Number of protein chains: 2
Amino acid sequence: METKFREKLSAINLHYKIWMSDKKDAGILGDGKWQILKLIDQKGSLKAACDELGYTYRRTWGDLKKIEKFFGFPLLEKHRGGHEGGKTVLTEEGKRLVNAFDQFHASVDAMIQKGFESFIENLK
Amino acid sequence: METKFREKLSAINLHYKIWMSDKKDAGILGDGKWQILKLIDQKGSLKAACDELGYTYRRTWGDLKKIEKFFGFPLLEKHRGGHEGGKTVLTEEGKRLVNAFDQFHASVDAMIQKGFESFIENLK
DNA sequence: TTTGGATATGCATGGTATGACATATCGTCA
DNA sequence: TGACGATATGTCATACCATGCATATCCAAA
């Protein structure tokens, strides 16, 4: 089947976002916070993680505050002071959350890609 | 396994968005346009569809213009004038696009829900 | 040939998200 | 014990986008 769509299909880029919210739809965890949590733990520093991802410290700090407020317990071990200025790593719960989201995301990634390919086929 | 997360898990709502864009990341088709396209065809009217979904006519009109500009051919048959003021229905291509997105969305819906349940289980 | 209601489009404005800036606090190590 | 650099937090400016308002255009039916 030849359709008018054919020549445009390769110009289409697929995007998607998954996130979780509380009852009031205030964002809790999404791709952004997930990434930054992972990188914070890897680098041992909130600031360093922000710098690398190009996020502002101010904003990220607010995001992390929200997610911890929602759960009611810390996901991060934050330390101020010291010669290095401070450091931040994930708590056990933080690691658990990130790992769960890792798995979720990986399974969704694969499926969405497959579904998108079918979508394109259907338009050919 | 009993974790600190347990009591909060039921308060978490899952959301996701799928959309397509051109190379410049200008939105082409997403949940909003998909819904409105379907409803326009059903109602035979752009205005009626906007009213029902609570979208502004002004905005929706702009959205539809973008998607048609991207594809380079009409997805809608728009008629002005007449006693009824005018009417709008999908072209063959419009229907084809909506149907393809219908299928895509349905398959993703089911899969994401399943993945989310596993995510919750992992946190228990 | 007039009327009515939907399509079509420009523009002004106001609210919100975001970033930029400022500054306080902390604690370890040299 | 003082200096350093990261954590922690308030505030203000602004850029963006959604919304609303206004208005032009069209044509079938009465």
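To find a chain, count down the sequence lines: A is the first, B the second, and so on, and within it residues start at 1. From a predicted model like this one, the values you see are computed outputs, not experimental measurements. Note: hydrogens, waters and symmetry copies are ignored here, and every other heavy atom, side chains too, is used.
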Which one, D:dT7, C:dT7, D:dG20, comes nearest to the side chain of B:T56? D:dG20

Calculate the interatomic distance between A:L64 atom CG and D:dA8 atom C1'; express it in whole Å. 12 Å

Just to confirm, is there a sub-4.0 Å distance from OP1 or OP2 of C:dA8 to any side-chain nitrogen or oxygen of B:K65? no

Looking across every strand, which nucleic acid part, if any, lies under 4.0 Å from B:G85 by heavy atom: base, sugar-phosphate, or nothing? base

Applying side chain to side chain contact (heavy atoms under 4.5 Å, CB included) to A:K95 and A:V98, what does each step give before you reach the verdict? CA-CA 5 Å; A:K95 285 177 186 165; A:V98 165; 5.8 Å; no

In whole angstroms, the gap separating P of D:dA30 from NE2 of B:H83 amounts to 6 Å

Output the rounded distance in Å from CH2 (A:W61) to C1' (C:dA24). 13 Å

Using only atom types and a distance under 3.5 Å, with no angle test, would you say the side chain of A:S21 pairs donor to acceptor with the backbone of A:G27? no

Quick one: label A:G86 by what it contacts on the DNA or RNA (base, sugar-phosphate, nothing), any heavy atom closer than 4.0 Å. sugar-phosphate

Using modelled atom types and a 3.5 Å cut-off, is there a donor and acceptor pairing between side-chain atoms of A:N122 and backbone atoms of B:A100? no

Quick check: on DNA chain C, is the nucleotide nearest A:G81 upstream (toward 5') of the one nearest B:K47, or the reverse? Name the residue that is more 5'. B:K47

Before accepting this row, confirm whether a basic side-chain N of the pair B:R96/B:E93 lies closer than 4.0 Å to the acidic partner's carboxylate O. no

Distance check: side-chain N/O of A:K87 vs OP1/OP2 of D:dA6, anything under 4.0 Å? no

Residue B:S45, side-chain heavy atoms: nucleotide from C:dA20, C:dG10, C:dT7 that is nearest: C:dT7

If you assign A:G82 and A:L46 each to the DNA chain D nucleotide with the nearest heavy atom, which residue ends up on the more 5' nucleotide? A:G82

Nearest whole angstrom, please: distance from the P of C:dA8 to the CD of B:E68. 9 Å

Counting just side-chain N and O atoms, does A:R58 come under 4.0 Å of either OP1 or OP2 of C:dG19? no

Check A:K124 with A:E121, please: is the shortest side-chain N to carboxylate O separation under 4.0 Å? yes

Please determine whether a side-chain nitrogen or oxygen atom of B:R59 lies at a distance below 4.0 Å from atom OP1 or OP2 of D:dA18. yes

Between atom CG in A:D63 and atom P in C:dA17, what is the gap in whole Å? 12 Å

What is the distance from CG of A:L76 to P of D:dA6, rounded to the nearest Å? 17 Å

Any side-chain N or O of B:Y57 under 4.0 Å from OP1/OP2 of C:dT7? yes

What is the separation between atom CD on A:E84 and atom C1' on C:dA30, rounded to the nearest whole Å? 12 Å

Please report, rounded to the nearest Å, how far the P atom of D:dG20 is from the OH atom of B:Y55. 15 Å

